[in-house]
2 protein chains.
Amino acid sequence: MELLSRRYAMQLICVVGAIGPARYGEIDGAFEDVSSSTLSSRLDDLVDAGYLSRTQYAEIPPRVEYDLTDDGDELCRRLQPLLEWAADREQ
Amino acid sequence: MELLSRRYAMQLICVVGAIGPARYGEIDGAFEDVSSSTLSSRLDDLVDAGYLSRTQYAEIPPRVEYDLTDDGDELCRRLQPLLEWAADREQ
DNA sequence: CGGTATCCAAAGTGATACTG
DNA sequence: CAGTATCACTTTGGATACCG
């Protein structure tokens, strides 16, 4: 729960869940404002916690894909109702 | 979402939801460690946000009850699956 | 009983610049 | 493209003491 309380954490799970395998740039683009340092460390947190997987391809230009693990998928499902509701009340 | 990301916020909603009208002391007792200043300010946050109501009775000794508002109740329902799951993985 | 006031330490975040 | 390093800044939370 402490991890989920960090900024963008819950949203990140759902964004990755929605996009499917998601590249760093796509994730970055899904948020209005977030510095690369913050986004990076939050992604690391979620990978370390076992909610996201990170796959790096040895290509030029580099490509990295994040995806939900099974745990992450389960978490995403449980976050859905909360985030939907939160999004609605933004207005 | 920023509010919910503050420490104890999500748990507080569910604790109050579980106890029904809950007195300050009961809420305090539901947490292992939390300073009164922190708990107070978090309760205030949730009252201000419209998720909790606060009723103060002019008695001696003083009695204060917190309860979910309709919004808080809806929020509580949406938090349930998340917190249940989080509780399970504590082990 | 149910808090508030004050002060402080720690954590989180972002801007900027740079790298493989 | 996908980050990391550094550093300064802001926010948060906790300890302690006290109040209506």
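Chain letters run A, B, ... following the sequence lines, proteins first, then strands; residues in each count from 1. In what follows, every heavy atom counts, from backbone to side chain, and hydrogens, waters and symmetry copies are set aside.
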- Message: If you only use heavy atoms from C-beta on, which nucleotide in dG14(D), dG14(C), dC1(C) is closest to the side chain of Arg23(B)?
- Response: dC1(C)

- Query: Between Val16(A) and Leu68(A), which heavy-atom pair has the shortest distance, and what is it?
  - Reply: CG1-N, 3.9 Å

- Indicate whether OP1 or OP2 belonging to dG14(C) is found under 4.0 Å from a side-chain N or O atom of Arg7(A). yes

- Query: Would you say a side-chain N or O of Arg6(B) is under 4.0 Å from OP1 or OP2 of dT11(D)?
  - Reply: no

- CG of Asp33(B) versus P of dT16(D): gap in Å, rounded? 13 Å

- Query: How long is the line joining OH of Tyr24(A) and P of dC1(D), in whole Å?
  - Reply: 12 Å

- Among dG14(C), dG2(C), dA5(C), which is the nearest nucleotide to the side chain of Ser37(B)? dA5(C)

- Mapping Thr38(A) and Arg63(B) to their closest nucleotides on DNA chain C, which lands nearer the 5' end? Arg63(B)

- Note on the structure: From CG of Leu43(A) across to P of dC1(D) the rounded distance in Å is 17 Å

- Item | Interatomic distance where CG belongs to Leu39(B) and P belongs to dG3(C) [whole Å] | 8 Å

- Query: At under 4.0 Å, does any side-chain N or O of Arg54(B) touch on OP1 or OP2 of dG2(C)?
  - Reply: no

- Item | Interatomic distance, Ile60(B) CD1 vs dC19(D) P [rounded to whole Å] | 17 Å

- Task: Kindly state whether the ring of Tyr8(A) and the ring of Phe31(A) have centres lying under 6.0 angstrom apart.
- Result: yes

- Message: By the 4.0 Å heavy-atom rule, please label Tyr57(B) as base, sugar-phosphate, or nothing.
- Response: nothing

- Item | Distance in angstrom units between Asp44(B) CG and dA5(C) C1', rounded | 14 Å

- Note on the structure: Taken to the nearest whole Å, CG/Leu52(B) to C1'/dG3(C) is 16 Å

- Message: Could you tell me how far apart Glu59(B) (CD) and dG2(C) (P) are, to the nearest whole angstrom?
- Response: 10 Å

- Query: Will you find, in the side chains of Arg54(B) and Gln56(B), an N or O donor that is under 3.5 Å from an N or O acceptor?
  - Reply: yes

- Message: Consider side chain to side chain contact (heavy atoms under 4.5 Å, CB included). Of Leu52(A), Thr38(A), Asp28(A), Asp48(A), which one does Leu43(A) pass it with?
- Response: Leu52(A)

- Task: Describe the nucleic acid contact of Tyr66(A) in one word from base, sugar-phosphate, nothing, applying a heavy-atom distance below 4.0 Å.
- Result: sugar-phosphate

- Item | Check: dT12(D) base within 3.5 Å donor-acceptor of Ser41(B) side chain | no

- Item | Listed nucleotide nearest any side-chain atom of Pro61(B), set dG14(C), dT4(C), dC1(C) | dC1(C)

- Query: Do Tyr51(B) and Cys76(B) have side-chain heavy atoms sitting under 4.5 Å apart?
  - Reply: no

- Query: Would you say dT13(C) has OP1 or OP2 under 4.0 Å from some side-chain N or O of Ser35(A)?
  - Reply: no

